[in-house]
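Beneath this line is the structure, given in C-alpha cells, with notes to follow.
In what follows, chains carry the letters A, B, and so on, assigned in the order in which the sequence lines appear, proteins first and then strands, with residues in each chain numbered from 1.
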Amino acid sequence: MRFINEQAIQDIATGASLLGAGGGGDPYIGKLMALSAVEKYGPVQLLDVTEVPDDALTIASSMMGAPSVFVEKFPRGDEYEQLFAKLRCFLGQDIFATYPIEAGGINSMIPIAVAARLGLPMVDCDSMGRAFPELQMSTFSIYGIEATPLAITDEKGNVGILDTISNSWTEKIARAMTVQMGATSSMCIFPIKGRDLKKTCVKKIVTYSENIGKTIRELSKKKGVTIQTLLDVTGGHHILSGKVTDVSRITKGGFNYGKTIIEGIDDDKNKQAEILFQNENIALKRNGEVVATAPDLICLVDFETLTPMTNEGLKYGKRVHIIGLPCDPQWRTQKGIELVGPRYFGYDLDYVPIEKLCKKGAHE
Amino acid sequence: MNYRIGIDVGGTNTDAVILDDQFHLLAKQKSHTSQDIEAGIRNSLHQVLEESQIDRDQITHVMLGTTQCTNAIVERKRLSTVGVIRLAYPATMSVVPYTAWPEDLKEVLSGQYKVIHGGYEFNGEVLSEINESEIRDLLHSWKGKIDTVAVIGVFSSLKDDQEKQVETIVHQELGEQIPVSLSCEIGSLGLIERENATILNSALFGVIKTTAQGFEHALIAEGIHHAQIYLCQNDGTLMSLSFARKFPIFTIACGPTNSIRGASYLSKLQNAVVLDVGGTTSDIGVINKGFPRQSSTAVEIGGIRTNFRMPDIISIGLGGGSIIRKTDKGYTIGPDSVGYQITEKAKVFGGNTLTTTDIAVRLGKAEVGNQQFIADLPIEDAEQIYKQVGSTVAAAIDRMKNSAEEIQVILVGGGSIVVPSKIDGVSKIIRDENGDVANAIGACISQVSGQYEKIYIYDEIQREDAMQDAKYHAVNQAIKAGAQKESIQTVDVEEVPLAYYPGNANRIRIKVVGDLS
C-alpha cells in the first residue's frame, strides 16, 4: 500500500497519454478533477491487487462519451457517491475499493478523483492495460465476467441501473443512454470480487503508468535524451524515428479513422512507416511490412521531449519516435485476439506479437 | 500628402516608422524598450517625427502594437479584480474556476467566483435555465469588491443567449460602467481554456484603459490632433480604442504577428514562411493569404492554459548573439546568448565569447566589427558551424510547413545575418533592407476586420443563402470598424457541421478585412 499525491497524479496522467496509444482522449480535464479532489479530500491509497481480500467487492469508475463534449461539460463531482450508494443497495454488499477500467486517457484519472472523494482505496490494476474504444474490450470479458449490474448517471441526477445479457449489449445500451444524457455519462461498472480480480485484471498498471510519466518528466529536463531509457522502463521496441509527412482523417460512426505517414530521419533515413488508426493506433507497417498491430500498443512520442502524442495533435513536420509496447499477455489468447485483434477492427491481418515482428525486421 | 505612424513595442526594442499614403517608408527609429513603456513610446514617437520633419496635421492614422497587457499578466501588476460567473450548475463542479492557476495571480484577481445555474448541451438544448434572482443575489454580494465581471457558459460557443442575458443583469445591478467579458466572444470549445482567457480579458480592463489614455496623451503632446488611433490585434488587424477597451486580450502576441505582416508587405509575398531572427531567439511563423496562420492547440499565457486565437509561432534558441561552445562531439550553438551585450562580448567586437555573428563575419557573410579578431578560428570549423545553423533553421522551418514542397522564406530581424542563404527545403530566401523594422511596418499597414458567426439550419435556409447572410453581417461589421467598402475581401470561412444538432445545422464563421478609409 502507498499513497498517490499530486506529483504522482501528474506522472500517471503523462503515462496515461502514452497508454492511450494515439487515442483515449486528452487526460487534462480528468487530471484537474483528480488534483482538485486530492487537494480537498487528501491523498488516495493505492493497493496492490494482492492486498484486496478475496471476498471484498471492487468496482470500476469511468466515464463514457465524446471527448469533444468532455472538454466543455464535465461532472459535478458527487455523481459517484450516488452511483456507489445505488449499486450497494442493488448488490447488497459494501464496496471495498475502486479501480480504473482502462489505463489510457481520461479514465485513468476518474477513479483517483472518486477514491479521494469517497475515502476508498484504489487498486493498482485495470482491465485493458491501455485504452480501447468500447467497454466490452476488457480482459474480464475473456473470462466471461459481466459488466453489469452497472449504475450510470448524468450531472442532472438521472440514474440508471443496467442488467444485461452480454457485455456487447452493455456497450450498446449504455452508449445510447449516454447520448440522451448529453453525450457524457459517469458510471460504475464491472463489480468484481477480489478473488476474480486477482485472476483477470492487468496488474500494477497504475505504477507502470506512473513510472512512464516520471521517466518522461525527468528526461525532458536533461539534454541529449535518448529514447532507450523509455524503452527500458516500458519494455518497448523502437520502430522508427521520423517526421510526419501526411495525416489523413475521416469521421464515421462516432470514430476517427485515418492514416499517418512517417518518413525516417537520421539512422532511419530511407525508411517509411504507415500507421492506421481508429481513435487508437491499430496497425503499423514499416516499408510496407506489418510490424505491429492491436492489441499491442503503437505509440508516438515527441522526438525531443518524449512527450506522448495523440493523433489529434499530429500534423506535417512533427518529429516523433514510434515505439511499440507489448500488450498484456491475456490479450494474446484466442479469446483476447477475437475481442481486440486486428480483424475486430476490420483489418485482414493475423496478430503476431510485436517482439516477433520486430525481431524479424532486425534480421532484414 | 497624408501620413501614418506605426509603433511596435517588443521585449527588447521599441520600433517606430512613418509611411506616406502610398506606404513608402519615410523614417524609421529603433530604441531599447525601457522599463517605463509609456515613456519609451513617447520617446520613439518624438524621434521619428523629428527625423521625418512632416506636418503633424497631415498624420491621419496612428497604430500601436504593444506588450503592456502581456507584461501586466507576467508581472501580476496593474490587474483588475474579477468576479467570475460560470453558467453550468450542477455540471462541472468537479473542476471549479481558477483550478491550476498560480496562487499569486489568483489572489491579485481576488479569486471571486460562483458556479450558478445555466449552460447548454452539445445539441443546443438547455442544460439548466438561468435563475435571475440567483444572479442578482450574487452580484449584490460582490458590490464594491470587484472591478470587472467574466461570464462563461457551458457550450456558449454554440449558443450565447444566456451569457448575453447575464451581461444585461450585471449592468442593471452594478452599473453600466462595470466592464463585462463574455466567453462566447473570446474563445472556442473547451470550457476551462475559454474561461481562463475570459478571466484574463477582464483582468486586463484597467491596463488597456491606462495604455489607451497614455497613448492619446503622448499624441497630443507631440501635436498630433487629427489622427485616428488604433491598437494592433494578434490576428494582424486593428481595433479602435473603444473596441480595444472591451477585448484587451486580443493585443497579446501582436508583436510576432506584426513582424509576419510587415515581412509579407516588404517582400510582396502572400504565402511564405517568415523567419524573424532576434538576438537570442528566432520566431518562425507562416503567412497565409497575407495573414498569419493561427495556432490550433491550447496556448499558455503567463502559465495559464487558454484557447483564444493566437498566431502559430515557434521559437528556437538561435539568434545573432547565440553562444558557440566546443565539446568533444563538435560545436554546440545556443540556446543561451550574449543578447544586447553583443557589441561588448562577441569576438569581432573585441570580446571573448564566440557567437553566431562571429561565424558570419569569419566567412565574409557579414561586415560588422573587426574580422581580424576572429581570424584564428579555422575556416573549416566556421563552415561546419555555419552549416549547423542552416540545418537547425531548416528543421524548424520544416515543422511549420503544410507539405513537403519547397517554400519561400522571408528573413527579417536584427540577427538575420547569421542565417545561410541556402537552406534545405527552401526555394528562395528573401531579405529586405528594412527588415529590421518589419514589425512597426506591419503595425502601420494593418487593416480592419469584421467577423460574424451564427448557427444556420440548412433544412430551413439554403447553404448559399446562409453564407451570403453571414458575409453581409461581417462586411457591415468591417465598415463599422472603419473599412473602405470596395476594399473588403473575405479571408476566412469556417463551416462546422454540428453532428448532434437537429435539422442539418452548421456553424458558419466568416471573417472579412478591408483597408482603412
Side-chain angles (χ1 to χ4, degrees), chain A residues 6 10 26 28-37 39-40 63 65-80 109-110 113-114 117 154-157 179-184 186 223-224 243-246 251 253-254 261 263 265 303-304 310 312-313 315-319, chain B residues 88-96 98-101 115 119-123 125-128 152-158 183 187-195 284 286 296-298 305 307 312 314 327 329 332 335 395-405 425 496-500:
Chain A
E6 194 191 314
Q10 301 278 6
D26 184 351
Y28 183 69
I29 269 291
K31 184 170 91 178
L32 292 184
M33 282 170 68
L35 288 171
S36 299
E39 193 188 335
K40 199 161 171 193
M63 289 192 70
S68 57
V69 177
F70 285 136
V71 299
E72 191 67 28
K73 187 187 73 169
F74 34 90
R76 285 192 321 253
D78 60 353
E79 285 89 344
Y80 292 90
M109 294 285 117
I110 302 296
V114 172
R117 190 159 187 128
D154 57 19
E155 70 290 331
K156 294 170 268 291
V179 171
Q180 288 307 314
M181 287 174 161
T184 60
S186 301
K223 271 197 119 188
K243 178 182 106 173
V244 176
T245 55
D246 191 41
T251 308
I261 308 283
E263 300 280 352
I265 50 174
F303 189 77
E304 273 138 33
T310 60
E312 285 138 47
K315 57 179 184 181
Y316 176 90
K318 185 81 202 168
R319 282 165 159 70
Chain B
Y89 192 85
T92 76
M93 289 299 289
S94 57
V95 183
V96 295
Y98 288 119
T99 301
W101 277 53
V115 182
Y120 293 96
E121 296 279 10
F122 66 92
N123 57 4
E125 284 172 19
V126 173
L127 172 65
S128 71
I152 307 95
V154 170
F155 280 113
S156 68
S157 44
L158 290 186
S183 83
S188 53
L189 223 56
L191 185 78
I192 295 289
E193 291 85 354
R194 186 172 75 250
E195 179 172 85
I284 301 168
V286 175
S296 55
T297 51
R305 187 158 140 146
N307 69 349
D312 189 6
I314 55 168
T327 69
K329 282 185 195 161
T332 62
I397 289 172
D398 197 54
R399 270 167 65 193
M400 295 299 278
K401 292 202 295 193
N402 284 327
S403 72
E405 276 168 49
V496 183
L498 305 174
Y500 299 105

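Under the 3.5 Å distance criterion, the side-chain polar atoms of A:Glu72 are matched with a main-chain donor or acceptor of B:Gly190. A:Ser36 contributes no side-chain N or O that, together with a main-chain N or O of B:Val95, makes up a donor-acceptor pair within less than 3.5 Å.
Among all heavy-atom pairs drawn from B:Phe122 and A:Val69, the shortest one is CB-CG2, 4.0 Å. Between B:Ser94 and A:Met33, the closest heavy-atom pair is OG-CG, 3.4 Å. Heavy atoms only, all atoms of each residue included: B:Pro90 and A:Glu155 are closest at CG-O, 3.2 Å. Of all non-hydrogen atoms in B:Phe155 and A:Lys73, the two that sit nearest each other are CE1-CB, 4.4 Å.
For A:Arg117, no part sits under 4.5 Å from any heavy atom of chain B, backbone or side chain. No part of B:Ala88 comes within reach of chain A, as not one of its non-hydrogen atoms sits under 4.5 angstrom from that chain. The contact between B:Glu193 and chain A is made entirely by side chain atoms (from C-beta outward), counting heavy-atom distances below 4.5 Å. Both the backbone and the side chain of A:Ile29 come within less than 4.5 Å of a heavy atom in chain B. Residue A:Leu35 does not touch chain B at all, counting heavy-atom pairs closer than 4.5 Å. With a 4.5 Å cut-off on non-hydrogen atoms, A:Lys31 does not touch chain B at all. Interface remark: B:Ser128 contributes no atoms to any contact with chain A (heavy atom separation under 4.5 Å).
Between A:Leu32 and B:Ile192 there is a side-chain heavy-atom pair separated by less than 4.5 Å. A 4.5 Å side-chain heavy-atom check between B:Thr99 and A:Glu39 finds every atom pair outside the cut-off.
Atom OH of B:Tyr89 is surrounded by 12 or fewer heavy atoms from other residues, nucleotides or ligands within 6.0 Å. Counting non-hydrogen atoms of neighbouring residues, nucleotides and ligands closer than 6.0 angstrom, the NZ atom of A:Lys40 reaches no more than 12 such neighbours.
Considering only heavy-atom pairs separated by less than 4.5 Å from chain A, the leading option among B:Arg399, B:Glu121, B:Met400 is B:Glu121.
Remark: B:Arg305 is positioned above the aromatic ring of A:Tyr28, its terminal NZ or CZ atom under 6.0 angstrom from the ring centre and at most 45 degrees off the axis.
Of the inter-residue distances, the one linking B:Asp398 atom CG with A:Lys318 atom NZ reads 12.5 Å to the nearest 0.5 angstrom.
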